[in-house]
Amino acid sequence: MDLITEIYRRLYEAYGPQSWWPAETWFEVVVGAVLTQNTAWKNVERAIENLKRAGLLEPRKLYETNDEFVEMLIKPAGFWKLKARRLKNLLQKLAEHDFDFYRLRESLTRDELLSVAGIGPETADSILLYAFEQPVFVVDNYTRRIFTRVGVLNGKENYSQIQSMFQRAVKDIETMKEYHALLVEHAKKVCKKREPRCDSCALKDLCQTWNKVRSETAV
DNA sequence: GTCCAGTTAC
DNA sequence: GTAACCGGAC
């Protein structure tokens, strides 16, 4: 069994099903994917709640709202001026498909998303996978951190190289959704940037970083 | 590498 | 105080 599959099994065993993305509608996934760029999810939740209360978590409504009002509502998520612009850019693209879920799911391509200013590979793939059920693996900073520490990556691979590696091992959409969610959970709870909790890590026996520390502190 | 630029964790 | 946060553009 390959390492990628084994790590999935370990994480699933440790954390259980995550049932991602945490959102009620496809459009909430889209908005959340933009707002969470380099931002703690807790702050994104506040921004989404503000949009929801204002009745703007609906594509046409948000598209027609002036930027200043949107900026005010999404402030808790940070980068507010930038992200209001990015949401508008993205909405303009969705408008080309009449904001229609089924039409978008049929015809919205990755290249189209990447052509939108402010939508990079991770945001595009999050939208494709979690909003429109397309089989793409989402690579984020957490994925890089965990697999670099374990020793599968050397830290110099680019996005598409890492994505290819996962997509060779994982084929079905549900596992792709679950795997990324489990990596996020693991990175937040255990494989943290500062003071990782290696002692309680489900991957420690597979992890180069952990084994290095162990061999150096052994008597 | 730097900017963006709010909120929490440490 | 400052590092970190489900990045992307320049």
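Hydrogens, waters and symmetry mates are skipped; everything else that's a heavy atom, side chains included, is used.
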Rounded distance (Å) that lies between atom [atom2] of [N] and atom [atom1] of [X]:
X      : N      : atom1 : atom2 : result
A/E195 : C/dA4  : CD    : C1'   : 12 Å
A/L82  : C/dG7  : CG    : C1'   : 10 Å
A/E49  : B/dT7  : CD    : P     : 15 Å
A/I162 : C/dG7  : CD1   : C1'   : 14 Å
A/E45  : C/dC5  : CD    : C1'   : 13 Å
A/K83  : C/dC5  : NZ    : P     : 14 Å
A/N38  : C/dA9  : CG    : P     : 13 Å
A/R197 : B/dC10 : CZ    : P     : 7 Å

Is [X] close enough to [N] that one of its side-chain N or O atoms is under 4.0 Å from OP1 or OP2 there?
X      : N      : answer
A/K192 : B/dC10 : yes
A/R46  : B/dT8  : yes
A/T123 : C/dG8  : yes

Using a 4.0 Å heavy-atom cut-off, does A/R145 contact any base of the nucleic acid, only the sugar-phosphate backbone, or nothing at all?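 Sugar-phosphate only.
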What is the nucleic acid contact for A/I119, judged by heavy atoms within less than 4.0 Å: base, sugar-phosphate only, or nothing?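 The residue A/I119 makes sugar-phosphate contact but no base contact.
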Taking the minimum atom-to-atom distance to the side chain of A/E122, which one of C/dG8, B/dT8, B/dG6 wins?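 Shortest atom-to-atom distance from the side chain points to C/dG8.
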Nearest of B/dA5, B/dT7, C/dC5 to any side-chain atom of A/W80?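 Between B/dA5, B/dT7, C/dC5, the one nearest the side chain of A/W80 would be B/dA5.
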By nearest nucleotide on DNA chain C, pick out whichever of A/K193 and A/A117 is the more 5' one.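 Checking each residue's closest nucleotide, the 5'-ward one belongs to A/K193.
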If you assign each of A/R194 and A/N43 to its closest nucleotide in DNA chain B, which residue comes earlier from the 5' end?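 Closest to the 5' end, via its nearest nucleotide, is A/N43.
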Does a side chain donor of either A/E112 or A/H97 reach within less than 3.5 Å of an acceptor in the other side chain?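 The criterion, which ignores hydrogens and geometry beyond distance, is satisfied for A/H97 and A/E112.
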Exercise: do A/E122 and A/N141 side chains pair donor with acceptor under 3.5 Å: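 Checked: A/E122/A/N141 side chains show no N/O donor-acceptor pair below 3.5 Å.
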Answer yes or no: does atom NZ of A/K204 have more than 12 heavy-atom neighbours from other residues, nucleotides or ligands under 6.0 Å?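 Buried by this count: over 12 neighbours within 6.0 Å.
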Considering only atom P, compute the distance from B/dA5 to C/dC10 and round it to an integer number of Å.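 These two P atoms come out 15 Å apart once rounded.
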C/dA4 and B/dT2: how far apart are their P atoms, nearest whole angstrom?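 Looking at atom P only, C/dA4 and B/dT2 are 16 Å apart.
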Does the plane of the ring in A/F147 sit parallel, tilted or perpendicular to the ring in A/F166? Use 30° and 60° as the thresholds.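 If you compare the ring of A/F147 with that of A/F166, the planes turn out perpendicular.
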Geometric class of the A/H180/A/Y130 ring pair [parallel <30°, tilted 30-60°, perpendicular >60°]: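 Correct class here is tilted.
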